[in-house]
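For reference, the structure discussed in these notes is given below.
Chain letters run A, B, ... following the sequence lines, proteins first, then strands; residues in each count from 1. Not measured: the values here are computed from a predicted model.
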Amino acid sequence: MFNLILKFILIMLIIIGSISLGLIFEGIDRILTAKMQKRVGPPILQPFYDIRKLMIKESIIPKYAIKWIFELSPIISLTVSILILFYIPIVGKSILGGSNDLILVVYLFIFPGLSIVLGALSSNSTYSNIGAQRLVINMLGYEFPLAIACFVPVWLVYKSGFSNIFSLNTIYTHNIWGLVNQIGIIGLLIEIIAIFLIIAGELSKSPFDLDTADSEIAGGALAEYSGRNLAMLNLSEAVKIIAISSLFIALFFPWNIQSNLIIMFLIYILKLFFIIFISLTLIKTVTSRFKISKLTGIYWGYVSLLATIGFLLVLF
Amino acid sequence: MNRVVKIISLIMLSPIIIFGGYIICHGHLTPGGGFQGGVVIASAIALLIIAFEDKIIKNHLFSLIETIGLTFFISIAFVGIFKNTFFYNFLSNTNYILGKTIYFGANSGYLNSGGIIPLMNLAVGVEVASALSFIILSIKNK
Amino acid sequence: MRNFIILVITIPLLTAFLLPLLKIFSKKLSNFCIGLNLILINIISFFLYKSILENGNIIYSVGASAPSITAPSGFPIRIILTANALSSFLAMFFTIIASLTFFYSLNTLKEYANLDKFYILYLLLLVGILGFLFVGDFFTLFVFYEISSISTAGLIVFLRNKENFKSTFHYLSIFSIGSLFLLLGIGLLYSQYGFLNMAIISQKIQLSFLDKIALSFIGSALLLKVGVFPFYFWKIEAYKVSPISAIILSILSSLSAIYVMFKIVFYIFGLNIPFIIALTLLSALSILFGNLLALAQKNLKKIIAYLAISELGYIILGISSGFLMQNSKFEFNAIKGGLFHIINDALDIGTLSLIIGVILYIAKIKNSLSYNSVSLQQNEIRGLAHKYPLLSISFLLVILALSGLPPLNGFASKIIIYESIFHLNPALTIIGVLGSILTLAVLIKIFALIFLGAPNRDYQPAPKIAMVVIFIFLSFMILIGLFPMQFTNYFINPSVKALISKPGYKNNIHLQQDNQEQNHSIIHLTLHSKQRYFNYI
Amino acid sequence: MSIVYQPKILLLLFSLIFFIIYLFYLTGEKKYKKDTVQTIAYFSGKTPYQNIKLQNVYWGFFKNFEKLYLFLSKIQRENTNDYVFMFIIWLTFILLTICLI
């Protein structure tokens with residue numbers, strides 16, 4: 001019985017921790033972009049205030065919308081984003097370690113996108129239809145280089161003869177930078193560049209934010225959401241930032257000091273900040289939006305070319 | 001068709017059918033068998049159809065005969081299961097009907113010797129005759 | 001107990017021939033008889049599977065107690081049927097699906113003109129499928145190849161309008177050439193070795209140049225029947241116009257053709273490495289191009305065809321890469337993933353086509369081509385989710401299962417395939433992940449166009465029995481998805497052992513020693529009488 | 001190679017988190033002014049709402065791969081000697097792979 005309560009507390013801890021961590025990092029992201037554009041920027045807890053305001057507002061359901069899909073999909077998108085964090089080794093081992101949870105995590109990342117698309121399509125408004133189709137094109141695009149990037153460390157672990165090669169724990173414990181020679185180091189660096197583009201694409205941030213393109217299609221996929229539904233979507237957005245970057249931390253930046261939990265967690269926060277700063281704030285402020293007719297060309301062409309070059313270099 | 005064709009076709013009907021029957025029954029001895037004999041009989045029926053513009057033959061009759069032939073074929077095979085295996089030649093070497101045992105070497109061919117093979121030829125002959133005449137009839141009706 | 005093999009094949013044959021007689025008494029009686037015979041086959045194939053699990057494979061020679069009792073001239077020309085764990089498990093599984101689709105078509109395909117003719121062809125196609133699984137010698141392989149292709153042609157032309165005639169002409173012209181090449185290959189083997197029995201030929205074959213030509217003819221004729229990427233064009237023509245239950249049965253026939261192809265390539269010709277490498281490449285291509293083409297289709301039934309092709313690509317990818325990784329520890333898992341995916345694919349594509357059949361029934365779209373497969377162009381069907389929540393929930397579950405998302409059964413088999421293929425070449429796993437995301441995009445497009453949006457006209461109420469059949473399929477999918485390990489341990493592992501056991505193939509089934517006096521026929525003297533006769537599969 | 005993918009735990013965890021999030025979701029505001037102008041889908045132009053047309057579903061994707069789809073549609077033309085010709089081509093491909101290598 002005691003064991004159950006412990007588990008329940010652990011789950012609650014992870015839910016609240018991931019949501020608040022995500023919102024804090026979103027706040028930091030907003031401040032940094034503001035600073036880079038020479039303006040003051042909102043207070044650090046601004047995302048929390050947004051969420052509380054949204055929870056108070058009315059959550060309107062459009063006329064011809066299908067009620068149950070429209071309401072359920074934001075909640076499913078949030079729950080699955082939190083679920084991913086249980087499979088990723090953040091400090092020591094992941095909570096739910098398995099022998100092939102890398103493929104599971106790659107597939108679980110499709111769920112939030114899928115539920116937002118279904119919710120947007122069910123809201124029966126032209127803008128959200130177009131936004132949802134663009135989100136699907138975006139998913140089609142970044143899934144290919146994401147698969148390549150995720151299977152590079154698996155190949156390294158396989159080449160040096162470990163078992164259970166698809167489990168994130170083995171990749172996290174065996175530091176892949178040690179398993180590779182000089183050419184491989186260059187390959188991994190190229191891979192990291194590709195990863196920053198993939199993270200920006202996954203979270204549909206600036207160069208790839210075609211589905212919520214504010215100027216073109218007024219809020220895009222989330223045009224019809226308001227009130228607590230929109231709050232759920234913002235939360236799922238925040239948790240996805242944490243999830244995708246902690247996946248790539250586990251894969252590509254596993255250095256850590258073996259001491260008590262708090263120091264290891266702080267190092268994890270530092271790595272998280274490093275990745276989010278480069279992949280989100282830096283790329284967001286620097287680049288502008290790609291055209292939709294070029295999006296998959298860029299993904300399947302340049303980004304996956306970058307990833308495959310990295311993979312080939314690692315092969316030597 | 002005028003009267004001459006009708007009478008000639010009626011006269012020619014019986015030799016054709018008898019010849020077809022001969023081919024079917026002697027299937028296990030002489031060349032030809034169920035299929036070839038059935039085609040001969042179907043040509044006789046075609047003769048009738050053309051001569052009398054099918055005043056007398058209805059086509060659902062043929063599909064009935066066809067199914068009878070088919071089910072007869074399959075049921076003989078199923079009877080074999082009780083003896084040993086499917087399609088088992090339970091009549092051969094039993095010296096009963098169609099079961100005369102034949103010794104290795106040249107012989108003039110005995111009619112009641114094939115076991116269930118003549119029965120199979122009979123079933124296939126009936127089925128093919130009715131199927132082909134059904135086809136000829138439907139082509140004519142189109 | 002020994003006769004179960006032949007009963008599974010011949011009982012549907014008997015009912016197919018009896019149908020016109022039964023129709024004279026009453027339509028109800030004929031439908032009742034078909035249902036009864038389908039349930040009978042289910043029971044028989046279940047007991048067959050159980051008996052094979054207990055006491056090994058079965059060899060059954062039609063017409064004589066032992067395969068070696070032959071004509072005096074000395075070479076054994078016998079119809080021989082063999083069943084191992086894999087083929088009997090597939091037979092049991094396919095009969096369950098075929099009987100469920102029968103009850104489904106009773107409900108939704110009522111408006112067909114002369115239904116009993118339809119069910120004759122339906123049962124003949126089922127005989128063709130089951131025959132493929134139990135075939136033991138080459139000529140019966142050719143006979144069942146002909147039966148299934150002619151009955152599919154009959155099912156395509158069933159609706160008798162212009163489009164159907166065109167597609168049947170395409171279909172028949174391709175398959176006559178396909179069966180020609182199959183016969184050519186069999187003739188080459190027969191002329192060289194004098195035997196038609198697969199076991200003897202596998203024993204005596206020396207893989208000369210002529211044998212390789214024969215293998216390529218037989219292999220490509222069977223690949224044509226399977227319908228993977230390069231040989232898929234007849235499938236688009238056939239599925240575009242044929243009724244839903246015919247689509248499901250022809251999917252099952254391509255799955256059983258996969259079993260025969262791998263049996264022949266693996267057992268009889270010995271592992272021909274270039275052919276297996278070509279198969280892996282073709283299946284990777286079929287995953288990609290199957291999905292890419294499905295994205296651009298306007299016709300619902302064509303989309304089913306393209307998705308079926310891409311799912312076949314996964315199966316062949318799994319099995320052939322398993323064969324390529326000979327005697328390494330990943331071979332067992334790769335083949336296990338491939339076979340497991342046969343079951344999942346049959347269920348997923350089956351449910352998808354059942355749901356699309358219900359959609360066509362609801363929108364009162366008869367099967368003449370102008371309406372035949374609703375072209376999504378004119379948005380004839382819209383906003384079904386408002387009035388049919390159950391149907392849209394089942395379609396969402398099919399989206400999850402077909403594109404292989406975690407909780408359901410598609411993912412359970414794909415994860416095994418990806419793991420074991422990675423050791424052969426990581427590019428195959430990447431193509432697999434890409435294929436499943438493309439399938440997801442296709443299914444979202446159908447869901448958006450048909451289920452969401454403002455409803456434009458009133459629709460018929462959903463047919464009761466059809467929905468029950470769909471829920472049975474869905475419960476199968478959810479059960480397999482939630483308990484993949486138990487399912488594979490009990491069902492799939494013995495089948496994989498049966499497929500892999502190449503050494504076992506030769507000597508694990510000894511001819512039932514038949515000590516009646518007929519044994520001392522000439523064949524016994526000619527073939528080194530001291531040693532046991534032959535070792536059969 | 002222990003394949004330790006437990007769907008049951010995944011589903012259990014999913015439903016637990018879903019339940020907790022749903023509790024948090026219920027604290028939000030539920031009421032909204034029904035069938036007022038609010039609920040009509042937002043559209044800046046004058047033309048009334050049309051459902052998605054098939055031609056422009058995934059327009060960006062097809063625009064990107066236009067040449068590929070042109071080539072693919074050339075293969076699938078509905079005449080018989082095209083199909084037979086393709087079957088012969090692929091037959092020779094398999095013949096060459098088996099016999100020559």
I'd like to check [X] versus [Y] (side-chain heavy atoms, cut-off strictly below 4.5 Å). Are they in contact?
X: C/L21; Y: B/L64; answer: yes
X: C/S51; Y: C/F4; answer: no
X: B/S9; Y: B/F52; answer: yes

In terms of heavy-atom pairs under 4.5 Å, which option from B/F73, B/F87, B/F78, B/F90 contacts chain C the most? B/F78

I'd like a table of donor-acceptor pairs (distance under 3.5 Å, sequence neighbours excluded) in which one partner is a side-chain atom from residues 19-41 of chain B, with atom names and distances.
| from | atom 1 | to | atom 2 | distance (Å) |
| --- | --- | --- | --- | --- |
| B/H26 | ND1 | B/Y22 | O | 3.3 |
| B/H28 | NE2 | B/L111 | O | 2.8 |
| B/T30 | OG1 | B/H26 | O | 3.0 |
| B/Q36 | OE1 | B/G33 | N | 3.1 |

Interface residues of residues 122-132 of chain C facing chain B - heavy atom cut-off under 4.5 Å: none

Under a 4.5 Å heavy-atom cut-off, does chain B meet the side chain of C/I6, its backbone, both or neither? side chain

Straight-line distance of B/I16 CD1 to B/I11 CD1, nearest 0.5 Å: 12.0 Å

Separation of C/Y49 OH from C/L90 CG (nearest 0.5 Å): 9.5 Å

Check for me whether the distance between the ring centres of C/Y190 and C/F139 falls short of 6.0 Å. no

Of all of C/L13, C/I24, C/T10, which one pairs up most often with chain B through heavy atoms under 4.5 Å apart? C/T10

